[in-house]
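Step one of this worksheet: look at the structure below.
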Number of protein chains: 2
Amino acid sequence: MIDYSQGIENGGVRVVRLSSVYRKLEEGSKRLTPQRELVIRIFSEHPGEHLSAEEVHQLVKKKFQDIGLATVYRSLELLTHLEILTRINFDDGRARYEFNQEETHRHHHLVCVRCGRVEEYGEDLLDTLETRIFKERGFTVLDHELKFYGICHACAAKRGTDKGEKI
Amino acid sequence: MIDYSQGIENGGVRVVRLSSVYRKLEEGSKRLTPQRELVIRIFSEHPGEHLSAEEVHQLVKKKFQDIGLATVYRSLELLTHLEILTRINFDDGRARYEFNQEETHRHHHLVCVRCGRVEEYGEDLLDTLETRIFKERGFTVLDHELKFYGICHACAAKRGTDKGEKI
DNA sequence: TTACGTGCAAAGGTTTTGCACTAGC
DNA sequence: GCTAGTGCAAAACCTTTGCACGTAA
């Protein structure tokens, strides 16, 4: 099974504003527990990765302390609700999460079907299209999700020397 | 739970080329069994809908004959592999399927977050973007998936008279 | 103090799999 | 007749939930 957790640094800013995270927790009248803090820390220490609940669970246990898997699930749900995390689905049978990058910009995903790495692509060129959709259909776009599936640069380069590989 | 199976007729052509379906089965050296034929028939009789395995199973049993759920799952997998069906994920906890519309054009989905209806939007304006991605990143796009989440025309209209509704 | 959060185990829901039986080709 | 396909039940997974206990504010 391809591992969709991997990310690729794209040279963009990866600063996590923890103060804003804490503010959001406060605004939602949610307590900052050690468990929630550790979940957030895992994401801040794994920039560009798209982690599943199980992966977060393992990382917290390995790096810090034991924690219940159910707690991880509940934390992820809460943090997504507070728009601190974003939930993404790469159709690999489990939900994955990343920091919500609203402060920087909305980005898309380039999923390599050969190695499974997920690059991020920062350009959001859909405004024109969203305007068109509203004019033509009366559909007000609130959000969008765009994934490109294909062959990444590294795999394309490797392909030249790697004859035995099947698509 | 919102029902994402519903579709909206968009005035487009919905002709299902069954001959092409059978040809694809033959090319893949796959047998045309009654069960597979029935699964295909369900999709051809439910144009514009995005059916889950369980829904297909119920429809086949209701309209035609008893069939095993595992067989439905295996048929959906096969038909997707043969590019007769396309698998879509609306994050409602189960995979959904629709006829692969490669012969007409690639389309996107407009998902209404209020009523759950899924419209299709025929314009594929991503060619420019895909070219850019290749030039900038060396990533060869093979396929893409674009979903817009928002409020459909009907819900927006209803909103005016329906004060008590929350988000 | 007290409502909220955690951990554990059990349950829930979807999808896959093993195996004996059946049926296209 | 062979090989591929089906049906059933069990298993595998991911995720949610009930409940008793713990703890942040």
Side-chain angles (χ1 to χ4, degrees), chain A residues 1-5 21-40 42 50-61 64-82 84-85 87-97, chain B residues 1-5 21-40 42 50-61 64-82 84-85 87-97:
Chain A
M1 167 54 73
I2 292 181
D3 172 15
Y4 289 110
S5 73
V21 167
Y22 300 147
R23 179 181 47 72
K24 282 184 176 175
L25 278 172
E26 276 172 27
E27 285 172 2
S29 335
K30 300 297 178 185
R31 292 177 183 164
L32 179 56
T33 63
Q35 290 89 340
R36 288 173 183 173
E37 200 163 4
L38 291 177
V39 169
I40 294 168
I42 289 298
H50 313 92
L51 303 173
S52 68
E54 184 57 43
E55 286 163 355
V56 171
H57 185 219
Q58 291 304 324
L59 286 169
V60 171
K61 287 208 298 188
F64 305 110
Q65 59 175 257
D66 215 344
I67 180 179
L69 179 56
T71 300
V72 172
Y73 272 101
R74 283 186 281 230
S75 297
L76 293 173
E77 187 191 9
L78 171 70
L79 295 172
T80 301
H81 208 75
L82 293 176
I84 291 167
L85 297 179
R87 187 181 157 127
I88 333 165
N89 198 322
F90 289 119
D91 292 315
D92 61 339
R94 73 215 65 184
R96 295 186 171 279
Y97 299 81
Chain B
M1 167 54 73
I2 292 181
D3 172 15
Y4 289 110
S5 73
V21 167
Y22 300 146
R23 181 181 45 73
K24 283 185 176 173
L25 279 171
E26 276 172 28
E27 283 173 2
S29 336
K30 300 299 178 183
R31 293 176 182 165
L32 178 56
T33 64
Q35 290 88 340
R36 288 172 183 174
E37 201 162 3
L38 291 178
V39 168
I40 293 168
I42 289 298
H50 313 91
L51 303 172
S52 69
E54 183 58 43
E55 285 163 355
V56 171
H57 184 218
Q58 291 305 323
L59 286 169
V60 172
K61 288 208 297 188
F64 305 109
Q65 60 175 257
D66 214 345
I67 182 181
L69 178 57
T71 300
V72 172
Y73 271 102
R74 284 186 279 229
S75 297
L76 293 173
E77 188 192 8
L78 171 69
L79 295 171
T80 301
H81 207 76
L82 293 176
I84 292 167
L85 297 179
R87 187 182 159 127
I88 334 164
N89 198 321
F90 290 120
D91 292 316
D92 61 338
R94 75 214 66 179
R96 296 184 170 280
Y97 299 81

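Order of the sequence lines sets the chain letters (A, B, ...), proteins ahead of strands, with each chain counted from 1. The analysis underlying the following values was restricted to heavy atoms, covering all of them including side chains, and did not include hydrogens, waters or symmetry mates. Note that the coordinates shown come from a computational prediction; the quantities given were computed from them, not determined experimentally.
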Spacing of [X] atom [atom1] relative to [N] atom [atom2], expressed in whole Å:
X     : N      : atom1 : atom2 : value
B:L82 : D:dA4  : CG    : P     : 15 Å
A:E54 : D:dT16 : CD    : P     : 14 Å
B:E37 : D:dG5  : CD    : C1'   : 15 Å
A:L79 : C:dG5  : CG    : P     : 12 Å
A:E77 : C:dG5  : CD    : P     : 12 Å
B:Y73 : C:dG18 : OH    : P     : 17 Å
A:Y97 : D:dC14 : OH    : P     : 13 Å
A:H57 : D:dC13 : NE2   : P     : 17 Å

Lys/Arg-Asp/Glu bridge criterion (N-O < 4.0 Å) met for B:E55, B:R94 | no
Could you give me the CA-CA distance, side-chain angles and deciding distance for B:H57 and B:I67, then say whether side-chain contact (heavy atoms from CB on, under 4.5 Å) is met?
-> CA-CA 7 Å; B:H57 184 218; B:I67 182 181; 3.7 Å; yes
Check: A:L59 and A:F64 side chains under 4.5 Å, non-hydrogen atoms | no
Find out whether A:L78 and A:L82 are in side-chain contact, i.e. whether some heavy atom of one side chain is under 4.5 Å from a heavy atom of the other.
-> yes
Measure distances between side-chain N and O atoms of B:R31 and base N and O atoms of D:dT3, and say whether any donor-acceptor pair falls under 3.5 Å.
-> yes
Between B:R36 and D:dG5, does any side-chain N or O lie under 4.0 Å from OP1 or OP2?
-> yes
Would you tell me if any nitrogen or oxygen in the side chain of B:T33 comes within less than 4.0 Å of OP1 or OP2 on D:dA4?
-> no
Listed by chain and number, what are the side chain to side chain donor-acceptor pair (under 3.5 Å) partners of A:E54, not counting sequence neighbours?
-> A:Q58
With the criterion being N/O to N/O and under 3.5 Å, what pairs connect the protein with nucleotides 7-9 of chain D, and how long is each?
unit_1 : atom_1 : unit_2 : atom_2 : d
D:dG7  : OP1    : B:Q35  : NE2    : 3.2
D:dG7  : OP2    : B:G68  : N      : 3.0
D:dG7  : OP2    : B:T71  : OG1    : 2.6
D:dG7  : N7     : B:R74  : NH2    : 2.8
D:dG7  : O6     : B:R74  : NH2    : 3.2

For B:R96 and B:H50, indicate whether the former's side chain and the latter's backbone hold a donor-acceptor pair under 3.5 Å.
-> yes
Given DNA chain C, 5'-ward residue of the pair B:L32 and B:R87, judged by closest heavy atom | B:R87
Go through the structure and list residues passing salt bridge (Lys or Arg N to Asp or Glu O under 4.0 Å) with A:R74, not counting sequence neighbours.
-> none
